[in-house]
Amino acid sequence: MKKVMVVFGTRPEAIKMCPVIIELKKVKSINTIVTVTGQHREMLNQVLEIFGVTPDYDLEIMENGQTLFDITEKVMGGMRSILKKEMPDLVMVHGDTTTSFAAALSAFYMNIKIAHVEAGLRTYDTTSPYPEEFNRHAVGIIADYNFAPTERAKQNLINEGRKEDTIWVTGNTVIDALKTTVQKDYVHPELEWCKGYRLVLITAHRRENLGEPMRDIFKGIKRVLDEHDDVRAIYPVHLNPKVKKISKEVFGNDKRIHLIEPLDVIEFHNLMNAAYIILTDSGGIQEEAPSLGKPVLVLRAITERPEGVEAGTVKLIGTREEQVYRDFKLLLDDEKEYQKMSKAINPYGDGHASERIAKIVLDYFKY
Ligand code: UD1
Ligand code: UDP
């Protein structure tokens, strides 16, 4: 029996890999092994619980204030012994985290084949997002199977010299997840608090934004909130202590914003669905919001996900206080601008990406 080891460690990887694991586990001729690195802890466990996925291995690497060295060293050390013991036929990683990079490199050092889910996203600027742009390039160099979410992602890989017969356009598995989470008539205490107000949903965590850029972003947002009586904001704060500190300092006394713990994925997707505007530096949220028809202001200067920008639902506004203030205010005050940005589109697939990936893996093992 062929053995596939799926490896991931953070919240977004879990949201996008659990649907793949569920599909792989339906294939009886494949033994699917789940290894989590625990690069995230609480935020990872939230997702595993929702999808009912129990890891076979957990490297439990997370520590407060972990550096890129810590993550890389611990993942490689842990993967070395697990791979030696299990010797899978294929290691499957996702996207661009340091978990994905270090796990793929470990497989490469042991001559084990690598599959890359969400392959081919690019900004071609290694400073943004940092270090993710490097991570996904590096995995791309050694991956044997590339599951690209869009035609553009496939084209990026071809332009870089990857062979066409190693690339499949599958759609993004995040849309598979979204199909199972959004509910009609969803109720939540935070939504009660926002009843009768326009709800703004906020997230921020990017490493390159930590410090002054993040403080600037929050100051710009706060100025707009202070000028609009009919708006309330919900901000599930990332557990990174640096993010917690800055958000508390800027928003701590503001009555229009609730700083809350990270929401589980069902809660978060349903709050997105109820939101008027989303402000974020997240990657995954840029993929989810367009299919819900929600305008997203992206707190970054550049994105590896241009499809939403081209479709008009996503706008890059950078991290400067004045720009954040102006663009956020415009979207609240200008109905025409709002209508332009609030059309539901589906650049990231039909919600069947995981089934496709499982089938491709199975077909490949047959030959
Ligand atoms: C990581 C990924 C990033 C991804 C993001 C998703 C890398 C280099 N970065 O960044 O690509 O977009 O996850 O959120 O791989 N923490 C907790 N509990 C948790 C999770 C985090 O306490 O469940 C705290 C810890 O103090 C940890 C810190 O957050 O040290 C930062 O976590 P880390 O994974 O290093 O960086 P992220 O910004 O989360
Ligand atoms: N998300 C969540 N709870 C939250 C905030 C976000 O479940 O409180 C989900 C969101 O729907 C998306 C993913 O987490 O699927 C995005 O994760 P994040 O922004 O941390 O990482 P990125 O996508 O930038 O790598």
Side-chain angles (χ1 to χ4, degrees), residues 8-19 36-51 60-72 74-75 93-103 118 121 128-136 139 172-178 181-182 188 190 201-210 214 234-245 258-273 275 278-289 291-292 294 296 298-300 303-305 348:
F8 55 96
T10 66
R11 169 174 67 192
E13 293 165 88
I15 292 170
K16 292 165 164 178
M17 285 301 238
C18 283
V36 297
T37 63
Q39 178 178 336
H40 282 177
R41 193 66 278 163
E42 302 87 334
M43 287 160 60
L44 174 71
N45 292 351
Q46 272 183 325
V47 184
L48 294 172
E49 232 168 81
I50 297 258
F51 284 95
E60 296 185 358
I61 69 159
M62 199 198 85
E63 56 182 284
N64 268 339
Q66 62 202 5
T67 66
L68 299 174
F69 282 101
D70 298 327
I71 304 168
T72 309
K74 287 190 192 165
V75 170
V93 298
H94 179 275
D96 55 19
T97 67
T98 296
T99 278
S100 307
F101 162 65
E118 201 181 272
L121 277 60
S128 181
Y130 174 87
E132 290 81 4
E133 182 66 11
F134 162 77
N135 287 341
R136 56 187 166 230
V139 177
N172 196 309
T173 58
V174 81
I175 306 298
D176 307 12
L178 199 60
T181 51
V182 176
H188 192 280
E190 290 299 334
L201 192 58
I202 302 167
T203 81
H205 72 82
R206 296 245 80 83
R207 256 185 170 71
E208 65 274 18
N209 284 349
L210 296 175
M214 196 167 278
I234 298 174
Y235 174 9
V237 182
H238 190 289
L239 293 179
N240 188 333
K242 290 183 183 154
V243 179
K244 282 185 168 179
K245 183 168 180 284
H258 270 183
L259 301 183
I260 60 173
E261 292 293 308
L263 293 164
D264 73 42
V265 64
I266 295 179
E267 294 176 305
F268 191 79
H269 283 175
N270 282 286
L271 261 63
M272 273 176 78
N273 199 31
I278 298 160
L279 291 162
T280 189
D281 64 8
S282 160
I285 293 169
Q286 293 177 57
E287 297 158 340
E288 295 163 342
S291 78
L292 298 172
K294 299 297 171 179
V296 188
V298 178
L299 307 160
R300 295 165 56 176
T303 184
E304 62 285 357
R305 295 162 166 99
Y348 296 107

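If you're wondering where the values come from, they're calculated on a predicted model, not measured in any experiment. Ligands are counted one by one from 1 in listed order, and the atoms in each one are counted from 1 as well.
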Decide whether an N or O pair under 3.5 Å exists between His269 and ligand 2.
-> yes

Looking only at distances, please establish whether an N/O atom of ligand 2 is found under 3.5 Å from an N/O atom of Gly283.
-> yes

What atoms of ligand 2 come within less than 4.0 Å of a heavy atom belonging to Pro262?
-> 8 (O)

Going by the 4.0 angstrom heavy-atom rule, the piece of Arg11 near ligand 2 is side chain

Consider ligand 2: state whether an atom of it lies below 4.0 angstrom from any non-hydrogen atom of Arg206.
-> yes

Ion pair present between Arg41 and Glu60, side-chain N to carboxylate O less than 4.0 angstrom?
-> no

Per-atom contacts, ligand 2 versus Val265 - under 4.0 Å to a heavy atom = 7 (O)

Are Arg207 and Glu132 within salt-bridge range, i.e. N to O under 4.0 Å?
-> no

Mind checking side-chain contact (heavy atoms from CB on, under 4.5 Å) for Ile50 and listing every partner two or more places apart, or none if nothing turns up?
-> Asp264, Val265, Ile266

Donor + acceptor pair across side chains of Thr203, Ser282 (<3.5 Å) = no

One finds that the ligand 2 atoms under 4.0 Å from a non-hydrogen atom of Leu263 are 2 (C), 3 (N), 4 (C), 7 (O), 8 (O)

Distance filter under 4.0 Å to Gly284 heavy atoms, resulting ligand 2 atoms = 22 (P), 23 (O)

Kindly tell me which protein residues have any non-hydrogen atom under 4.0 angstrom away from an atom of ligand 1, grouped by chain and ordered by number?
-> Thr10, Pro12, Gln39, His40, Arg41, Glu42, Met43, Met62, Glu63, Asn64, Gly65, Gln66, Leu68, Ile71, Thr97, Thr98, Pro131, Glu132, His205, Arg206, Arg207, His238, Leu239, Asn240, Pro241

Would you check the N or O atoms of Ser282, main chain and side chain alike, for any that come under 3.5 Å of an N or O of ligand 2?
-> yes

Judged by atom type as modelled, is there a donor-acceptor pair below 3.5 Å linking the side chain of Asp70 to the main-chain atoms of Gly65?
-> no

Check each atom of ligand 2 against the heavy atoms of Pro236 and keep those under 4.0 Å away; list them by number with element.
-> 8 (O)

May I ask you to check whether His205 has an N/O atom sitting below 3.5 Å from an N/O atom of ligand 2?
-> yes

Donor on one side chain, acceptor on other, Ser128 and Glu133, under 3.5 Å = no

Donor + acceptor pair across side chains of Asn135, Thr98 (<3.5 Å) | yes

Heavy-atom nearest neighbour in the protein, as seen from atom 9 (C) of ligand 2, with distance rounded to 0.1 Å = Ile15 CD1, 3.6 Å

Looking at ligand 2, does any of its N/O atoms fall within less than 3.5 Å of an N/O of Glu288?
-> yes

For Ala204, all residues meeting side-chain contact (heavy atoms from CB on, under 4.5 Å), sequence neighbours excluded = Met214, Phe218, Tyr235, Asp281

Just by distance, do the side chain of Asn172 and the backbone of Glu287 share a donor-acceptor pair under 3.5 Å?
-> no

Does any N or O in the side chain of Glu261 come within less than 3.5 Å of the main-chain N or O of Val237, such that one atom is a donor and the other an acceptor?
-> no

Sorted by chain and residue number, the side chain to side chain donor-acceptor pair (under 3.5 Å) partners of His258 (sequence neighbours excluded) come out as Glu190

Could you tell me whether Lys16 and Glu13 have a side-chain N and a carboxylate O separated by less than 4.0 Å?
-> no

In the protein, which heavy atom is nearest to atom 25 (O) of ligand 2, and how far is it?
-> Pro12 CG, 3.4 Å

Main-chain N/O of Pro262 paired to Gln46 side chain as donor or acceptor, under 3.5 Å | yes

